[in-house]
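Some notes on the structure that comes next.
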Amino acid sequence: MKQGSFIKMALATAIALSLASGAVMARDTAAKDKKEALYPNATRTEPKLDLKSEKDQKAINEGLDAANNGDKDKATQILTPLADGSGTSSKYAQALALQGLANMKYNDGDIKGAITELKQALDIGVMPNDTYFQLKYMYTQFLVADEQYAPALQSLHEWRDQGKKETADSYGLEGNIDYRLEKYQDAIAAITKAKSMPDAKPQASWDQILMASYSETGQGDKAASMASDELSKNPNDSTALSNATSALIQAQKYPEAIALMEKAHTAGAIKDEKQYVNFAKIYLIDGQENQDRQKTNASKAAAILKEGLDKGVVQKTADNYNLLGDAAVTGDDMKGALAAYQQAAGVATNGEPALKAARVLLQENQYAAAQKSATDAISKGVQHKGQAYMVRAEAKRGQKDKQGAIADMKLAAQDPETSAKANAWLKTAK
């Protein structure tokens, strides 16, 4: 699955499965003739119950009660012999015992074990339709929880086709599965259907799937419109704000994204580090796209970051100082850029910020300081070592140290990335 947008990252945590809780009791099913059938149009033939023994009835109810009440030891002791068939002659009791064990395994985080037990319960084929289809739906949810999306989609279609039942939640679940399978048009259709159902109780996760699917299918305008509408309904919701700005960015509507963030900033809704950093980045992206406001946007990006740093909301990390330095360079504020890069260099685990500082110092003709910063960068480690040697060579040349510059250029010539430029420099230096 493609990654990158806030919406998609949010989906990883926001989409929750609404799993059925508790076991289906044998005594509940025995009384089903007094209740309205949940699956009256099911095509599956209703099997005859074979639970005739009062002993089996008592055992399965005690076991399931213990499972529902969190008494795992007692439930396991009672249900295990029923589940393996050694403690009962009733296939129905065996199936219910397997389902009880499946619930306990799921609650313990053993999803694969839960899937195995529940499938065995379903495959026995003796459950009444109401019980069978409830557990079939639960089985589908278990598969989704285990990220078995293709089998989950097949199971959900079987549940709907055989049970002849349509619910908003089932289409919401289908949209979730389709999205995970990168079947984005199908996800859009399923979520749209879910929201149109009479029993629909719309969930935030449905809109997130829909927005992300719109984005993935090139319908950024629809995603942005949805996100903006959601934000207008919940102006103080940080998730809605992030989703809206992300959708606008994906639709390349940078001024609109900035306008949303400005409005939120004025209202005091920009409160955490991610929001401050993203706000600054949006300004820089828009500045890169529009040269006429590049410097203005860069200055605003720097101001936003400084505000966050001053408040202690934005942490004093190498990444954040590095971003501040980049904003200053874009805004042609070399003094501010140098200060930010040097602060980044002080806390960084590598030499990248020191190399950026060296470039600024070189541009400002501070050759000795540039040489020292480049040396620090090389010693701490940089990704493009040849470039670091070239910067140090130029710093040495600025100090009239021709031999030192040549020595560094020879080192730069050993790096394939800078070999051509370094060798060309060396030819002119002789």
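The figures that follow rest on heavy atoms only: side chains count, while hydrogens, waters and symmetry mates do not. One-based numbering along the sequence shown.
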Margin query: If the threshold is 4.0 Å, N to carboxylate O, is there a salt bridge linking Lys306 and Asp310?
Written below: no
Checklist line | Lys380 atom NZ: more than 12 heavy-atom contacts under 6.0 Å | finding: yes
Note to self: Using only atom types and a distance under 3.5 Å, with no angle test, would you say the side chain of Ser213 pairs donor to acceptor with the backbone of Ile188?
What the structure shows: no
Notebook entry, point to check: Using 30° and 60° as the class limits, which term best fits the ring planes of Trp159 and Tyr39: parallel, tilted or perpendicular?
Noted result: perpendicular
Check: Between Lys183 and Asp186, does a salt bridge (Lys or Arg N to Asp or Glu O under 4.0 Å) hold up when you go through it step by step?
Finding: CA-CA 5 Å; Lys183 300 169 67 174; Asp186 289 346; 3.8 Å; yes
Next item on the list: Would you please test Glu54 and Gln57 for side-chain hydrogen bond (donor to acceptor under 3.5 Å, both in side chains) and show each step?
Entry: CA-CA 5 Å; Glu54 289 187 9; Gln57 175 80 52; over 6 Å; no
Next item on the list: Would you please test Arg180 and Glu147 for salt bridge (Lys or Arg N to Asp or Glu O under 4.0 Å) and show each step?
Entry: CA-CA 9 Å; Arg180 303 292 185 171; Glu147 299 183 359; over 6 Å; no
Check: Below 4.5 Å, heavy atoms only, C-beta onward: do Glu62 and Ile78 meet side chain to side chain?
Finding: yes
Note to self: Looking at Asp326, is its backbone amide N or carbonyl O close enough to the side chain of Tyr341 to form a donor-acceptor pair, meaning the two atoms are under 3.5 Å apart?
What the structure shows: yes
Note to self: Between Glu174 and His157, is there a side-chain donor-acceptor contact under 3.5 Å, judged purely by atom types and distance?
What the structure shows: yes
Checklist line | Side-chain H-bond candidate by donor/acceptor type, Thr217 with Gln219, under 3.5 Å | finding: yes
Next item on the list: Check step by step if salt bridge (Lys or Arg N to Asp or Glu O under 4.0 Å) holds for Asp50 and Lys91.
Entry: CA-CA 7 Å; Asp50 67 347; Lys91 291 293 184 183; over 6 Å; no
Next item on the list: For Thr76 and Lys72, indicate whether the former's side chain and the latter's backbone hold a donor-acceptor pair under 3.5 Å.
Entry: yes
Next item on the list: May I ask you to say whether Asp415 pairs ionically with Lys385, meaning some side-chain N is under 4.0 Å from a carboxylate O?
Entry: no
Check: Any donor and acceptor pair, going by atom type alone, linking the side chain of Gln120 with main-chain N or O of Ala95 inside 3.5 Å?
Finding: no
Notebook entry, point to check: Would you say the side chains of Thr167 and Asp169 form a donor-acceptor pair under 3.5 Å?
Noted result: no
Checklist line | His384 vs Glu417, side-chain contact (heavy atoms from CB on, under 4.5 Å): CA-CA, chis, key distance, verdict | finding: CA-CA 8 Å; His384 305 287; Glu417 183 184 36; 2.9 Å; yes
Item checked: Under 3.5 Å: donor-acceptor pair, side chain of Ser86, backbone of Leu82 -> no
Notebook entry, point to check: Should the heavy atoms of other residues, nucleotides or ligands under 6.0 Å from CD of Glu364 be counted, would the total exceed 12?
Noted result: yes
Note to self: Run Lys356 and Glu352 through side-chain contact (heavy atoms from CB on, under 4.5 Å) and show every step you take.
What the structure shows: CA-CA 6 Å; Lys356 288 188 174 184; Glu352 299 297 341; 6.0 Å; no
Checklist line | Test item: Leu361 and Gln371 side chains (from C-beta on) under 4.5 Å apart, heavy atoms | finding: no
Item checked: Check: Tyr137 ring centre within less than 6.0 Å of Phe133 ring centre -> no
Next item on the list: Look at Arg160 together with Glu166 and state whether they make a salt bridge at an N to O cut-off of under 4.0 Å.
Entry: no
Next item on the list: Given salt bridge (Lys or Arg N to Asp or Glu O under 4.0 Å), test Asp221 with Lys253 step by step and report yes or no.
Entry: CA-CA 9 Å; Asp221 286 350; Lys253 295 186 174 184; 3.4 Å; yes
Next item on the list: Kindly say whether Asn297 contributes a backbone atom to a donor-acceptor pair with the side chain of Asp286 at under 3.5 angstrom?
Entry: no
Notebook entry, point to check: To the nearest 0.5 Å, what is the distance between CD1 (Ile60) and OG (Ser53)?
Noted result: 12.0 Å
Next item on the list: Dump the intermediate steps for side-chain contact (heavy atoms from CB on, under 4.5 Å) on Asn322 and Thr317, then the final yes or no.
Entry: CA-CA 8 Å; Asn322 191 65; Thr317 64; over 6 Å; no
Note to self: How close do Ala377 and Leu355 get, counting heavy atoms only, and between which atoms?
What the structure shows: CB-N, 3.6 Å
Notebook entry, point to check: Okay, side chain of Thr296, backbone of Arg293: is any donor-acceptor separation there less than 3.5 Å?
Noted result: no
Notebook entry, point to check: So, the side chain of Asn107 versus the backbone of Asn103: is there a donor-acceptor pair under 3.5 Å, distance only?
Noted result: yes
Margin query: Checking the side chain of Gln94 only, and the main-chain atoms of Ala83 only, is there a donor and an acceptor separated by less than 3.5 Å?
Written below: yes
Notebook entry, point to check: For the side chain of Gln275 and the backbone of Lys271, is there at least one donor-acceptor N/O pair under 3.5 Å apart?
Noted result: yes
